[in-house]
Amino acid sequence: MTADPGEGPHMRQLLGAYVLDALPAAEARTVARHLQSCDRCAADYVALAEAAALLPLLSEEDLLE
């Protein structure tokens with residue numbers, strides 16, 4: 001894999017919605033294809049997915065701090 005700086009920033013902007021399964025199907029497929037060929041976006045995806053997995057562990061009090 002290699003990072004494509006031309007597409008990277010655009011795809012990285014969509015990663016949050018992609019992780020939360022909030023993109024339309026066609027856009028999600030585009031992001032998925034990009035992640036297969038871009039190391040930078042793939043690493044960002046992993047970090048976002050890990051962070052999203054921790055969200056259910058937060059309590060309301062945690063969010064108020």
Side-chain angles (χ1 to χ4, degrees):
M1 279 197 263
T2 60
D4 180 349
E7 286 189 83
H10 174 68
M11 291 297 134
R12 288 170 51 209
Q13 291 176 358
L14 298 175
L15 289 179
Y18 181 75
V19 165
L20 298 175
D21 198 27
L23 290 177
E27 205 164 20
R29 285 190 299 273
T30 299
V31 173
R33 279 192 303 272
H34 180 77
L35 290 175
Q36 293 174 1
S37 63
C38 179
D39 288 337
R40 174 177 280 160
C41 288
D44 288 344
Y45 165 77
V46 169
L48 285 170
E50 289 172 350
L54 297 174
L55 290 175
L57 301 176
L58 294 173
S59 68
E60 187 174 336
E61 292 84 29
D62 293 330
L63 298 174
L64 295 175
E65 292 180 1

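Everything numeric here is computed off the predicted structure, so don't read it as measured data.
- Distance check, rounded to the nearest 0.5 Å: CD of Glu50 to OH of Tyr45 gives 10.0 Å.
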Contacts under 3.5 angstrom, residues 55-64 side chains, donor-acceptor by atom type, not counting sequence neighbours:
unit_1, atom_1, unit_2, atom_2, d
Ser59, OG, Glu61, N, 3.4
Ser59, OG, Glu61, OE1, 3.3
Ser59, OG, Asp62, N, 3.2
Ser59, OG, Asp62, OD2, 3.2
Asp62, OD2, Ser59, N, 2.9

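- Atoms CE and CG, from Met11 and Leu35 in turn, are 8.5 Å apart once rounded to the nearest 0.5 Å.
- Of the inter-residue distances, the one linking Gln36 atom CD with Cys41 atom SG reads 13.0 Å to the nearest 0.5 angstrom.
- In terms of heavy atoms, Tyr18 sits closest to Ala32 at OH-CB, 3.4 Å.
- Minimum interatomic distance between Leu48 and Gly16 (heavy atoms only, all atoms of both residues): CD1-N, 3.9 Å.
- Under a hydrophobic-cluster definition in which Ile, Leu, Val, Met, Phe, Trp and Tyr are linked whenever side-chain heavy atoms come within less than 4.5 Å, directly or via other members, Leu15 and Leu20 are assigned to different clusters.
- Side-chain contact between Arg40 and Asp44 is present, with heavy atoms from C-beta onward closer than 4.5 Å.
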